[in-house]
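The structure appears right after this line, and notes come after that.
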Number of protein chains: 2
Amino acid sequence: MNPTARRAPATLAEVARAAGVHPSTVSRALGAGTGIAAATVVRVRAVADELGYRPDPAASSLRTRRSGLVGVLVPRLTDIVLATIYEGLDAIAADAGYQTFVANTSDVPEVRRRRLAALLDRRVDGVVLGDARLDDDLLPEIAARGLPYVLVSRRSRGHLSVTTDDLLGGRLAGEHLLALGHERVAVVAGQPFSSTGVERTQGFRDAYAAAGLPVPDERVRHGTYDVRGGHAAARELLAARPRPTAVFAVNDFNAIGVMGALREAGLRVGRDVAVVGYNDVSLAAELPVPLTSVASPMDQMGRTGMTRLLQRAAGQPVRSVRLRPTLVVRESSSPDGG
Amino acid sequence: MNPTARRAPATLAEVARAAGVHPSTVSRALGAGTGIAAATVVRVRAVADELGYRPDPAASSLRTRRSGLVGVLVPRLTDIVLATIYEGLDAIAADAGYQTFVANTSDVPEVRRRRLAALLDRRVDGVVLGDARLDDDLLPEIAARGLPYVLVSRRSRGHLSVTTDDLLGGRLAGEHLLALGHERVAVVAGQPFSSTGVERTQGFRDAYAAAGLPVPDERVRHGTYDVRGGHAAARELLAARPRPTAVFAVNDFNAIGVMGALREAGLRVGRDVAVVGYNDVSLAAELPVPLTSVASPMDQMGRTGMTRLLQRAAGQPVRSVRLRPTLVVRESSSPDGG
DNA sequence: GGGTCCCTCGAAATCGATTGCGAAACTCGT
DNA sequence: ACGAGTTTCGCAATCGATTTCGAGGGACCC
């Protein structure tokens, strides 16, 4: 009846006794139901329901070597981007009868390794990595183990991944600022070991280089993917003279940090310095000065990522996916609407 | 050596054979080590390391009835507040040798029940609930099961919880706006079933009532704890004439939604309408118009929550904790610094 | 020197579900 | 009515770790 109200859950053997059959019969009846008389299946299932039977995953996992768990590694769940991707992952996993097991790695290799080991100890049936590095020594190990895995958000050469087309996204941002006439621009470039930051920056610089206005290295600053990182990077970039007239941040939270740094410097967002972010998180549109941002389908990235993982685990051939980003122009780059 | 590089992990029996002892000896040597000669312990551990032995949690859990898992239920991980609390929970759990198992419930009772059942099926050793309801029918069931549990963020009468003093927090916000001379104020009050929204609203209204300016019900609007909810609520509140001169939102993301609604109505944040939020998330200080907010120690709430849970599981007496919030004044309520 | 106690470790049962194998019962055709 | 083939289900082993019980051996005391 009510599965949460029982003290000691019934076991297979108890169900078997109550139904007057052998435990193996119960196991089969509750499973595919093949090789068992239809009437028996119905009866056993009724008894199991009656007793509120819930299989013990530990016992099941011990015997079958499958845990029903999918491990997920992310840099931080406090990063809304990853949290949103995770929700997409979890939704599809739940539909397929899997549970997700998530862990923060803080983008620290040593922590990553430890957290992954913990997931492997739990005998997860697959792994989703949201914190892949461009030169990632963990990925070959996972591959060598034969464990199904997929990367989301970030990619790494030679590994299955679901990402957005970050080169294109960066280019969109660059072309937008070019069209607005910005000739001296700066980039808050994120972490140098993550494909997202690197490729978004690359696409942006490509656009400027193609226009004959290459962005010099000193106008590109790396940092963590949070408000603080954006603020710190922008403070340095804004100290240059002449000052850049626009800043592209490869992450919306970085962009908000940039806004804070602008304010601190007595500059107005959009009017004195244009700001463009990336991901178009839900609050970008609601800020006192709405943020221009490259929208990336985060939820879909999660859903597609888990779908690919499950397909791969089922032995189907799968290829990496690059989802298409789109530019959303708002007042932080275009205060007068154009 | 390298735990992630082995294909088939060694078992206890294999370690025993390699060490020339019985499996039970290995088990004891790797455990507390009591009742075993010190030399044997050292030797067995060395062999276990050598073989990269990792105990199978399924087997262990089957036998001991303990899973080493702590379940965590949250409304949504995309809510930074809960994500931050979760990180605090996880940090302490990890220190104590536990892993956390988190699930979103979307604040939907049916989903909560299902997710909790999934955690119980996994035989979690304890549960942290971040989505408690004022009239919560799940909590008595958990209590009846004898499973250790603790509430964080939200509280519910008669159950162990770690929260901030939300009545006080609301009062701080109210007294602040009163001191600034705001007489016609509105509240974005969050979900009516969550103690956070209810108590913050109550504290705020208490302050105004004490000043002889009770806040009428029509200037209090409920909604979800996200940007969209804040925007929707504020849109309605701002349609009233005369218009409120200040809005208290019980959540920072709601407050940002309020900012969006203000902009949409052609009003300036701080100058035309004051805005006060709650939680003081990291981006509040960085917004183009920095947000006045009631700071709550989210990370500490998580840490304290897990600590209490572990103490409770160990049979120690524990009492609910209310952490102290503090007001951080910024330009959204005080554009000229006073 | 004999007895007792403690230290150390092995034997074997156990947790709960799954599954290969085989036996009984039943269907059906002739 | 009998044999071949099928359906249905029970038996028992198994996954890997833990733990109770007891045996063997050494230390120690008188």
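Each chain gets a letter, A, B and so on, in the order the sequences are listed, and its residues count up from 1. Every value quoted in this text rests on a predicted model; they were computed, and no experiment measured them.
Taking the side chain as every heavy atom from C-beta outward, A/V70 and A/Q99 never approach each other to under 4.5 Å. Annotation: side chain of A/D56 is not in contact with side chain of B/D121 (no heavy-atom distance under 4.5 Å). Here the side chains of A/L129 and A/R112 are in contact, with some heavy-atom distance below 4.5 Å. Between A/R303 and A/D299, the closest side-chain pair of non-hydrogen atoms falls below 4.5 Å. With a 4.5 Å cut-off on side-chain heavy atoms, A/V72 and A/F101 do not count as touching.
An end-to-end axis angle of 40° holds for the helix from C/dG1-D/dC30 to C/dT30-D/dA1, taken from five base pairs per end and rounded to 10°.
Closest heavy-atom contact between A/Y98 and A/L69: CD2-N, 4.1 Å.
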Where protein sits on nucleotides 12-19 of chain C, one letter per nucleotide: B base, S sugar-phosphate only, - none, heavy atoms under 4.0 Å: BBBBBBBB
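Contact annotation for B/V21: backbone-only contact, meaning every heavy-atom pair under 4.0 Å involves sugar-phosphate atoms and none involves a base. Residue contacts shown for A/T40 are limited to sugar-phosphate atoms, with no base heavy atom under 4.0 Å away.
The side chain to side chain contact (heavy atoms under 4.5 Å, CB included) test with A/T164 singles out one residue from A/T196, A/L323, A/V321, and that residue is A/L323.
Taking 4.0 Å as the cut-off between side-chain N and carboxylate O, B/D90 and A/R115 count as a salt-bridged pair.
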